[in-house]
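Order of listing sets the numbers, starting from 1, for every ligand and every atom in it.
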Amino acid sequence: MTVAEPPSAGCAPAAAAELAGPPKATPPKAKDDPTRHKVVFVLGGPGSGKGTQSARLVEEFGVAHLSAGDLLRAHMKSGSPEGQMVADMIKNGQIVPSHVTISLLQRAMDESGKHKFLIDGFPRNEENRASFEKQTGISPEFVLFFDCPEEVMERRLLGRNEGRTDDNIETIRKRFHVFIDSSMPVIQYYDALGKVARINADRPAEEVYTEVRRLFMEF
Ligand SMILES: Nc1ncnc2c1ncn2[C@@H]1O[C@H](COP(=O)(O)OP(=O)(O)OP(=O)(O)O)[C@@H](O)[C@H]1O
Ligand SMILES: Nc1ccn([C@H]2C[C@H](O)[C@@H](COP(=O)(O)O)O2)c(=O)n1
Ligand SMILES: [Mg+2]
């Protein structure tokens, strides 16, 4: 896997991207290649329980959990102009350009030393999906889709209390719109390929997990 070097301290992100050139395409690895990375995308609306269920899977199966949102939130604290752009976009419930998120994901995958990954909250739109598959050569083994009514997700997000800049009613409503308009088409894309495991997430977390864990017995 090719990983873009982080921009050096004195180099603006745009200039660094120009120096690095366009992202390279990576051919997919054969199914029986022991170095092949295996990925499950964990998708669902804001507050559907992606992080909660992923944490349990890490505990039981030792897979690596990469939350795109967590990586972006760490990046926004970098103090760089790109970090400020990410902060502004998250506060507005918008989706950050793919090249930023994919380079964070690729670096985290390489640094993890693992080969089985839960990628949580990614891909969020068609651009995320197509760019990731092209640049990494990775298609997901399957997609976990946590299906949950908006009013339940809204209640959970307003009660989360983790100090997130996007857990306020104004941004939550924007995030719901973005989920329906941009993220649902990605779930439909994988559904047409027979890769989506839909989980009813409007149940106690323990009950949801009982169903989720069965899918990982052969992962
Ligand atoms: N099944 C559940 N029942 C009740 N509360 C839940 C359930 N799953 C998660 N929660 C709670 O709901 C809140 C949101 O859960 P979580 O952070 O896992 O969602 P998420 O899908 O990762 O959201 P986001 O997309 O905003 O990161 C948390 O406070 C969590 O404790
Ligand atoms: N692929 C992604 C994932 C996340 N973001 C931004 C926009 C989201 O509203 C925010 C929070 O993500 P979450 O923690 O809810 O998964 O992060 C993005 O732009 N692209
Ligand atoms: Mg989350």
Which residue owns the protein heavy atom closest to [atom], what's the atom, and how far is it?
| atom | result |
| --- | --- |
| atom 28 (C) of ligand 1 | Arg160 CD, 4.0 Å |
| atom 1 (N) of ligand 1 | Arg203 O, 2.8 Å |
| atom 27 (O) of ligand 1 | Arg164 NH1, 3.1 Å |
| atom 19 (O) of ligand 1 | Gly49 N, 3.3 Å |
| atom 25 (O) of ligand 1 | Lys50 NZ, 2.7 Å |
| atom 22 (O) of ligand 1 | Gly51 N, 3.0 Å |

So, is [X] polar-close to ligand 1, with some N/O to N/O distance under 3.5 Å?
| X | value |
| --- | --- |
| Thr52 | yes |
| Val208 | no |
| Arg175 | yes |
| Pro46 | no |
| Ser48 | yes |
| Leu157 | no |

Where's the contact between Ser67 and ligand 1, heavy-atom distance under 4.0 Å: side chain, backbone, both or neither? neither
Between Glu162 and ligand 1, which residue portion shows a heavy-atom distance shorter than 4.0 Å: side chain, backbone, both, or neither? neither
Path from Val42 to Ile199 over hydrophobic side-chain contacts below 4.5 Å: yes
If Ile, Leu, Val, Met, Phe, Trp and Tyr residues are connected whenever their side-chain heavy atoms lie under 4.5 Å apart, and connections chain through other members, are Leu144 and Leu118 in the same group? yes
Any chance you could lay out the side-chain hydrogen bond (donor to acceptor under 3.5 Å, both in side chains) test for Lys91 and Thr171, step after step, and finish with the verdict? CA-CA 7 Å; Lys91 180 110 197 294; Thr171 314; over 6 Å; no
Heavy-atom proximity to atom 4 (C) of ligand 1, picking from Arg156, Arg155, Glu207, Met153, points to Arg156
State whether the number of non-hydrogen atoms from other residues, nucleotides or ligands found under 6.0 Å of Lys116 atom NZ is greater than 12. yes
Does the ring centre of [Y] sit less than 6.0 Å away from the ring centre of [X]?
| X | Y | result |
| --- | --- | --- |
| Phe219 | Phe61 | no |
| Phe216 | Tyr209 | no |
| Phe176 | Phe179 | no |

Ignoring hydrogens and geometry, is there a side-chain-to-backbone donor-acceptor pair from Ser48 to Asp147 under 3.5 Å? no
Under 3.5 Å: donor-acceptor pair, side chain of Asp33, backbone of Lys29: no
So, does Gln53 sit close enough to ligand 1 that a heavy atom of it is under 4.0 Å from the ligand? no
Say whether Gly47 and ligand 1 are in contact under the criterion: heavy-atom distance to a ligand atom below 4.0 Å. yes
Just verifying a value: how many Å separate Ile102 CD1 and Met109 CE, rounded to the nearest 0.5 Å? 11.0 Å
Any carboxylate oxygen within less than 4.0 angstrom of a Lys/Arg side-chain nitrogen, looking at Glu141 and Lys195? no
Salt-bridged, Asp70 to Arg73, with N to O below 4.0 Å? yes
Enumerate, one pair per line, all nitrogen or oxygen atoms of ligand 2 lying under 3.5 Å from a protein nitrogen or oxygen, stating the separation to 0.1 Å; write 'none' if no such pair exists.
{"residue": "ligand 2", "atom": "1 (N)", "partner": "Gly121", "partner atom": "O", "Å": "3.1"}
{"residue": "ligand 2", "atom": "1 (N)", "partner": "Asn128", "partner atom": "OD1", "Å": "3.1"}
{"residue": "ligand 2", "atom": "12 (O)", "partner": "Arg124", "partner atom": "NH2", "Å": "3.2"}
{"residue": "ligand 2", "atom": "14 (O)", "partner": "Arg73", "partner atom": "NH1", "Å": "3.1"}
{"residue": "ligand 2", "atom": "14 (O)", "partner": "Arg73", "partner atom": "NH2", "Å": "2.9"}
{"residue": "ligand 2", "atom": "14 (O)", "partner": "Arg164", "partner atom": "NH1", "Å": "3.2"}
{"residue": "ligand 2", "atom": "14 (O)", "partner": "Arg164", "partner atom": "NH2", "Å": "3.3"}
{"residue": "ligand 2", "atom": "15 (O)", "partner": "Arg124", "partner atom": "NH2", "Å": "3.2"}
{"residue": "ligand 2", "atom": "15 (O)", "partner": "Arg164", "partner atom": "NH2", "Å": "3.1"}
{"residue": "ligand 2", "atom": "16 (O)", "partner": "Arg124", "partner atom": "NH1", "Å": "3.1"}
{"residue": "ligand 2", "atom": "16 (O)", "partner": "Arg124", "partner atom": "NH2", "Å": "3.1"}
{"residue": "ligand 2", "atom": "19 (O)", "partner": "Val96", "partner atom": "N", "Å": "2.7"}

With Ser80, the side chain to side chain contact (heavy atoms under 4.5 Å, CB included) member among Lys77, Glu82, Gln84: Glu82
